[in-house]
Amino acid sequence: VEAPDKRNIQDGVRLLEELGALTFNDETGHYKLTSSGRQLAQLPVDPRLARMVLEAQRFGCVREVMIITSALSIQDPRERPVEKQQAADEKHRRFADKESDFLAFVNLWNYLGEQQKALSGNQFRRQCKGDFLNYLRVREWQDIYTQLRQVVRELGIPVNSEPAGFREVHCALLTGLLSHIGIKDAEKQEFTGARNARFAIFPGSGLFKKPPKWTMVAELVETSRLWGRIAARIDPEWIEPLAQHLIKRSYSEPHWEKGQGAVMAQEKVTLYGLPIVAARKVNYGSIDPTLSRELFIRHALVEGDWQTRHAFFRNNQKLRSEVEDLEHKSRRRDILVDDETLFNFYDQRVGQQVVSAKHFDSWWKLASRDTPDLLSFDKQMLIKEGADKVSQLDYPNFWHQGNLKLKLSYQFEPGADADGVTVHIPLPLLNQVEDQGFEWQIPGVRRELIIALIKSLPKPLRRNLVPAPNYADAFLGRVTAMELPLLDALAKEFRRMTGVTLERENWQWEQVPDHLKMTFRVVDEHNRKLKEGKDLSALKAELKEKVQETLSKVADDGLEQNGLHIWSFGDLPRSYEQKRGGYQVKAWPALVDEKESVAIRLFDSEQEQQKMMWRGQRRLLLLNIPSPIKYLHEKLPNKAKLGLYFNPYGKVLDLIDDCIACGVDKLMAEAGGPAWQQQNFEQLHEKVRAELNDTVVEIAKQVEQILTAVFNINKRLKGRVDMTMALALSDIKAQMSGLVYRGFVTGNGWKRLGDTLRYLHGIERRLEKLPADPHSDRARMLKVQAVEQAWQTWRNKLPPQRQDDEEVRDIRWMIEELRISYFAQQLGTPYPVSDKRILQTMEQFAA
C-alpha cells in the first residue's frame, strides 16, 4: 500500500474506533467489526452521521437527529447570492439558534414542512426562492431523510413524536463528533481542539460573536485558517460518559484524607489531549493498592490521623502521649521510638488487603477474634532511655495565679509557635488573668531562661556575670519567691553580687529563644484552641469581643437588657460574679449607647466599663430631657449661628448634637460622674434638665469662635505656596486636623475648648512670623515632630485598653502646649513645658 493510501486507511480505522464500530483484538492482532459497526453499515450516510442516528435512540431524539444528519449529508440548502447577501441573511436569521447551528436545520425543516402543506408545488418552489433556499437541495434533503427513516424503521428504532431537549439532541450528535470538540482560549477568539488543533468558529455561525467555552463543530475546513463550521455549545460533563473508550486518565497527588478514611488522589481525564476533567478527587485504593496501604499505615495507624473507636488504637495513642509528654517536658528527642519503628510494627501485622479505614475494619473484625492483642503497644517498646530522669515537680501540670488555676501543657517542637510551655486560659477567665508572674516560667525552665537573659546583655555588662550558669544558680539559690518582676529581681540580686546596676532596657528580651517564653493559649468551653501567642495583652485585645459574648451568655439572671429608654432596672451593680464550669467568672456591667436607646452589657475590664458607662448614661439623659435646640436658636447671637452654619465638618445638626453631648458631659462631671443607683440618676437627671440649655449655649459660642479661627487660617493657607514654607504649612494642616474634626467638641471635651481656640490662635501667630524666618520655624517644627513620633511609638507599645487613658491623652495635649511655647510664646502656657519634660512624663507613666 502506498503511503498516502496507507494514511487514509489509518485515518479511517481511527475514525471507526472513535465511533465504536471497530475494536482491536489483542489475541489475534486484528480489528473486529462490532454490532454497532454492522448497524452503521446499513445507514445510507457518513459513518459519523450514522453513529449519531443510532445513539439518538438512547436519548429519545431520533427525529431531530435524522433531520440534522440528512442536512449534513448534502450541500447547505441555504443560498447567499453575492448581490443579495444582507437580504439572504435576514431571511435565514429566522431559523437561527443562539446556542446551536444544528438546531437551525430543525427549525428550517419545520418551517418547510408547514409551507409545503399550505402551498402548491409551484408556490412552494417560489417560496423557496424568495427565502433564498435551493429547491433541489431541499428535495435532496427530504429524500435522504425518507431513506433514513425507512432504514430506521427496519432496524426497529422508534421515532419520537414529542420534541427532544437541547441536551439530548446534542449528546446524540456528540457521539459522532468526539474529535471535533474544542475549548475556547481565554485570550483569543479561537479554540483548542483534538490533538492540539487550533480552529475558530466560522463567521457565518450564530455562535461567532459570542463563542461558548466548549463547542463541537460538524466539520473542520482549512482555508486561510482552520475553521469550524456548524457549531454548538456543549457541556464538558456530557463528553466523558460518551467517550469511555477514548478517554485517558492520569493520577497525581495521592494523599491520606482523615475524613474519607482513605487515600485520595487527583484524577485528570483527557480526550485527544483536551482536559475534560481537570482535577477530580478519587479513591486511590484500587488504582495503587501498595502505596495506599503504606499511606494508610503511616498516617492512620502511626500518626493517628484517623477517626476510629478501636480500643487498641486508643490505648496505643494514650501510651504514646505519655511518652511524648516526657519528651516535651525534658526537651529530648531520644525517649520515644521513631515513626519507622512503629510503621514496621504495623506493617508486619496488618493484612495486605488493607488500603483504607473500611478495609481495616473488615480485616480487624476477623483478626481480633483470634489475636485481640495483635496490634497493642507495650510501653517499654516505646521508650528508648532516660525517661526516669525527669522530675515531675519541675514541670507542674497547673499554673496558679490568685484564685485561678490554669492548665499547663508542654511541646518540644523547635520552630513551632507553641514550642515550650503553654498555659491554657478559658475564654471567660481571660479578662482576669494578669501578665505578672508568667515571665518567671516554670522551675524546670527557669535556669535556662536566666542564662539566656544574661547572655542577652550588652558585652560591657555581660562580662560582669561570667560564667552565666554560675550566676543563674546563685540567683536561684538566693531567690525562691516571685515577689518582684523577674527583670527587677535579677537586677536587684546581681547588683548585690557584683555592684553593677542593670536597667530594664539592658535586657534584650527579644534575643531569648521562644521556647523559654510562656505561650498563652485561649480555649473555649470544649477546650478547643481559639488563639495563642506570646503576648497576653495582644491576645486580650484580639479576643475582646469574644470574651464579652461569653460574659453575656453566663449572665442568665436577666442582667443584660436591650431597648431601654428610662432607668427601669433598679440599681446597677459595679461588678458581677458567677461560678461556671468550675471557675469564677467576673464581669463589669455598664450602660451602652445604642443611639435610639441604651442597653446593659457586661464588659471584661473595669476600664472598659467606665468608658462605656459614661457614654451610655449620656445617651439615657438625652433620651429623657427636652432638646435644647429651640432654646439655642433663640439665645445664640446671629453671628454665632452663622458661624455654626458654615461648619465644614458635616451637617450643622450633627455639630449641634456634638455640642449638646459635650454639655451633658460637663454637667455629669460636675455631678461627680455617672450614677449607679436609680436615686442618684434621678438627681443627675434633674440637674442636667435644669442647666443643659445655658451650658449648650456657652459651648456653642466657644465652638463658633473655634470655627471662625479655622476659617481664617484656611483662607491664609490657600493660594500659591512658597516652597520654603511648604513643610511648615503641611505641618499646620496636620495639626489642625487633630484639633478640629467631625465630633471634636465631645472628642476634645469641654475642658479643652478654650485650649483648642488658643492653639488655633497660636497657629495664626506662627503664620504671621513664618515668612520672616522659615528656617527657625523648621528647626522648631522638627523638634515637635520628634516628640510627636516618640509619643506615638510609646503609645502603641501600651496595652490597647490603656492607649486612651486620660494620662495618655494629657501627654498629647502637652505637645500642643509645646507648640505654643515654640511658635506663640506670647500666648503663654498653663504650666512649664519642654520636650524633655514630655519624654520624662512618658517614662514615669511607663514605670
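Given the structure is predicted, the values throughout are model-derived calculations rather than measurements.
- Put simply, the residue from R766, K783, R778, R780 that forms a salt bridge (Lys or Arg N to Asp or Glu O under 4.0 Å) with D731 is R766.
- With hydrogens and angles disregarded, no donor-acceptor distance shorter than 3.5 Å links the side chain of E439 to the backbone of Q436.
- For the pair L408/N397, no side-chain contact is recorded, criterion being any heavy-atom separation below 4.5 Å from C-beta on.
- Both the sub-6.0 Å distance and the 45° axial angle are satisfied by K405 relative to the ring of F398.
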Report the C-alpha distance between R618 and D665 in whole Å, list the side-chain angles of each, state the deciding distance to 0.1 Å, and finish with yes or no for salt bridge (Lys or Arg N to Asp or Glu O under 4.0 Å). CA-CA 7 Å; R618 178 207 294 158; D665 285 351; 2.9 Å; yes
Verify salt bridge (Lys or Arg N to Asp or Glu O under 4.0 Å) between R812 and E817, making sure each step is shown before the conclusion. CA-CA 9 Å; R812 175 256 186 279; E817 297 295 345; over 6 Å; no
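- You'll find the side chain of N431 stays beyond 4.5 Å of the side chain of S605, heavy atoms only.
- A distance of 12.0 Å separates CG of D810 from CD1 of I838, quoted to the nearest 0.5 Å.
- Side-chain contact between P426 and L406 is present, with at least one heavy-atom pair separated by less than 4.5 Å.
- Taking the six-membered ring for Trp and the full ring otherwise, the centers of W399 and F438 sit less than 6.0 Å from each other.
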Check step by step if salt bridge (Lys or Arg N to Asp or Glu O under 4.0 Å) holds for E670 and K687. CA-CA 10 Å; E670 291 175 357; K687 174 180 174 64; 3.5 Å; yes
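- Judged purely by distance below 3.5 Å, without hydrogens or angles, the side chains of Q677 and N680 pair a donor atom with an acceptor atom.
- Within the 4.5 Å cutoff, no side-chain heavy atoms of D804 are placed close to those of V808.
- In this structure the side chain of V787 never reaches within 4.5 angstrom of the side chain of V784, judged on heavy atoms.
- Taking 4.0 Å as the cut-off between side-chain N and carboxylate O, E788 and R819 count as a salt-bridged pair.
- Ring-centre distance between F603 and W588: not below the 6.0 Å cut-off.
- For the residue pair R521 / N527, no side-chain donor-acceptor distance below 3.5 Å is found, with atom types taken as modelled.
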Go through K517 and D535 one step at a time and tell me if the salt bridge (Lys or Arg N to Asp or Glu O under 4.0 Å) criterion holds. CA-CA 10 Å; K517 305 171 188 175; D535 189 337; over 6 Å; no
Decide yes or no on side-chain hydrogen bond (donor to acceptor under 3.5 Å, both in side chains) for Y759 and Q735, but give the supporting numbers first. CA-CA 9 Å; Y759 301 147; Q735 181 189 0; over 6 Å; no
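- Put simply, the side chain of W567 gets close to the backbone of G570: a donor and an acceptor are under 3.5 Å apart.
- Judged purely by distance below 3.5 Å, without hydrogens or angles, the side chains of D435 and S537 pair a donor atom with an acceptor atom.
- A salt bridge between K666 and E698 is absent, with no side-chain N of the basic residue lying under 4.0 Å from a carboxylate O of the acidic one.
- At least one donor-acceptor pair closer than 3.5 Å links the side chain of E560 to the backbone N or O of L602.
- A salt bridge links E608 with K544; the closest basic N to acidic carboxylate O contact falls under 4.0 Å.
- Distance check: E434 CD to Q401 CD gives 6.5 Å after rounding to the nearest 0.5 Å.
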Dump the intermediate steps for side-chain hydrogen bond (donor to acceptor under 3.5 Å, both in side chains) on E704 and T708, then the final yes or no. CA-CA 6 Å; E704 184 274 329; T708 300; 2.8 Å; yes
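- Across all non-hydrogen atoms, the minimal contact from L827 to H761 is CD1-C, 3.8 Å.
- Screening K611, R615, R619 for a salt bridge (Lys or Arg N to Asp or Glu O under 4.0 Å) with D593, the sole residue that qualifies is R619.
- P428 has its side chain within reach of V585: a pair of non-hydrogen atoms, C-beta onward, lies under 4.5 Å apart.
- Side chain of N506 to main chain of L502: no donor-acceptor pair is present (N/O by atom type, distance under 3.5 Å, no hydrogens or angles).
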